[in-house]
**Q** 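There's a structure below that I have some questions on.
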Amino acid sequence: MDSKVGETPADKRILQPFRLLRQDLRHLRQRYISDWTVFNQLIVASAVFVFFSNLLPGLTFANDLYVSTDSNWGTIEVIFSTGLCGVIFSLASAQPLTILGVTGPFCILAENLYSLCQSSFGIPFLPFMAWSLIHAAWMHYLLAIFNAHDWTMIYVTTFTTEIFSLLNSVIYFHKAIQELQRVHDQTSFASFLYSIIGTIGTLLVAIFLSTAERWKPLFHRYIRMGLSEYAAAISIIIFIGLPHAGELATLDRDTLPVSSSFRPTSPDRSTFFVEFWHLQLGWIFAAIIPGCIITILFFFDHEISSIICTEERFGIRKPGGPAWDIILLGTTTAMCGILGIPPANGLLPQAPLHSQSLLHRETKTTGSSDINGEEKSEAGGCDTVYEQRWSHFLHAGGILCFVSPPFMHVLGLTPTSVLAGLFLYMGEQSLSVNPILFRVFQLLTPPSELPKLPEGIASYLPIHLYTIVQVLVTAGIFVVTLTKAGPAFPVLIMALVPLRLTLMRRVWSRAALRFVDQWACRNGAPEDMNEEESVPQLQDDDIARDIEGGCGDQTASTSIGKEG
């Protein structure tokens, strides 16, 4: 890629401090007013949809954290964090399409840190976590100041992002099993059997309703759209109500633990504030290690979420701001540590689902002349999203309302079996669009039924081996999360990037790797580079699109989250 005339190639400018920040703030000023001038019915529907798809998974993680952190974190902490961070990002972020919430990988990390604090370190969990998040904040600042987006994400390929997405799916499935195990230990056998029915029922009804748009000609189009968009919410409401009907009302139930007032879940705390300075100096410096791990996880997770929700198929016109958003993420992370609540960051799969819910067809009329000189008009169109802040602000504000006691009481009616079913549904939704799943199906397909390979690849053997490696690596990282080394799993995920660009090139042919893998943040694949080219060059246009641009070419897009 040639650099612009009169400009220094990006690999020469890449470490100039504050370069991306200056660019991001300029883009933020350009787009901010217009982000508030768009408001319509589709935006309201999107806000409602994201409200449910963010709140309900958060409740599942809240119940898990309540048990695994001995009530240091619970429902009110997760809701408070999700709503507060969401409102801040809707007001101040450079890319408001990215949705924030408490994620499964961070819950795994927090559970391991709590276990270490209790069994090995003998120190209080919340002050140590607060210092870890404060350290993570200044590390976020350094990454933004020194343009980390340019010299990290340009090397990430879909080999790593597919594994990360698959790991999220596995974590969801594992959390569902853990919920059912807890129900089995705390309730009668009859209640446990109904919990299994409620879990599977929540999953199947949600999946069934999510296909409603394909039920044509049954029902009106808007009814089908509503059933599809609110599939998970409808399923959950049904299975929250069922246990209160008939003889089922006599069963003992394990429900979501909630607070009766706006105060922390733990009885040992009276306010949302952590006296973090009381921790011994040695442990303050020791918190730099988990702070670094949290930084790696949050940076990678948030960048990937932002990339997916702004990929080419959504027709994004306005520029984002990766460096500014990382500054903002670091600030909210430290704030959550001081408040004693779990931090929120970019969500998968909610971020691309947000963009999908805002997608609409935009028609443009162009004039042209025929060979006789007569003018005629041609109608064309493209798919694009409403790029605005209202849907993010409204859904986050709605979630924040649930920290009040009346709404919190409503959440307390939720059986944990329903949350387990939601975990399964989230895992299924994430897995169903992961290319690894479709390549696993190809492993089970007779060779004569497989699609024809492009020239240069003699057989499916290298493709199958590539898929098996991805599955085994995911399984290995998941096993690590179950051990005392669990907090280090984000480091293992990032280590996959140099592994892919060095070792795997010696095992697989260039043609095979080009077929199954590509860059995550831009078009093409590592194998498209010349052998002597070690640093890919980026221009400003590769980082942000022109705010005045049209729909653009939507033929090329990344494969992160693509539907097979």
**Q** When you compare the side chain of E387 with that of R31, does any pair of heavy atoms fall below 4.5 Å?
**A** yes

**Q** Would you say that F314 contacts D383 through its side chain, given a criterion of any heavy-atom pair below 4.5 Å between the two side chains?
**A** no

**Q** May I ask you to decide if the ring planes of W215 and F208 are parallel, tilted or perpendicular, using 30° and 60° as cut-offs?
**A** tilted

**Q** Closest approach of T160 and I493, non-hydrogen atoms and distance?
**A** CG2-O, 3.6 Å

**Q** Any idea how H360 and Y386 line up, ring-wise: parallel (<30°), tilted (30 to 60°), or perpendicular (>60°)?
**A** parallel

**Q** Under 3.5 Å, is there a donor on one side chain and an acceptor on the other for T98 and S306?
**A** yes

**Q** How long is the gap from CE on M153 to OG1 on T161, to the nearest 0.5 Å?
**A** 8.5 Å

**Q** Does any non-hydrogen side-chain atom of I316 lie less than 4.5 Å from one of V385?
**A**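 Yes; the side chains approach each other to less than 4.5 Å.
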
**Q** Which heavy atom of G427 sits nearest to which heavy atom of S169, and what is that distance?
**A**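 So the minimum-distance heavy-atom pair works out to O-OG, 3.6 Å.
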
**Q** Could you tell me which non-hydrogen atom of I294 sits nearest to which non-hydrogen atom of A136, and how far apart they are?
**A**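 So the two residues come closest at CG2-CB, 4.1 Å.
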
**Q** Find the distance between CG (D24) and NE2 (H149) and round it off to the nearest 0.5 Å.
**A**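 Answer for the CG-NE2 pair, D24 versus H149, is 8.5 Å.
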
**Q** Side chains of Y172 and L424: does their closest heavy-atom pair fall under 4.5 Å?
**A** no

**Q** Using side-chain heavy atoms (C-beta onward) and a distance below 4.5 Å, is D301 in contact with F106?
**A** no

**Q** Begin from the C-alpha positions of I88 and L100 and carry the test side-chain contact (heavy atoms from CB on, under 4.5 Å) through to its verdict.
**A** CA-CA 10 Å; I88 291 173; L100 274 73; over 6 Å; no

**Q** Please find the pair of heavy atoms, one from L437 and one from S432, that lie closest to each other, and give the distance.
**A** CD2-CA, 4.1 Å

**Q** Flag the pair Y466 / Y460 as yes when their ring centroid distance falls below 6.0 Å, and as no otherwise.
**A** no

**Q** Stepwise, does the side-chain contact (heavy atoms from CB on, under 4.5 Å) test hold for R214 with S228?
**A** CA-CA 9 Å; R214 299 198 293 269; S228 177; over 6 Å; no

**Q** Flag the pair E162 and R500 as a salt bridge only when some basic side-chain nitrogen lies within less than 4.0 angstrom of an acidic carboxylate oxygen.
**A** no

**Q** Mind telling me whether H395 and H354 have parallel, tilted or perpendicular rings, with 30° and 60° as the class edges?
**A** tilted

**Q** What are the two closest heavy atoms between I457 and A512, and how far apart are they?
**A** CD1-CA, 3.8 Å

**Q** Identify the two heavy atoms, one from Q518 and one from G524, that lie closest to each other, and give their separation to 0.1 Å.
**A** CB-O, 3.2 Å

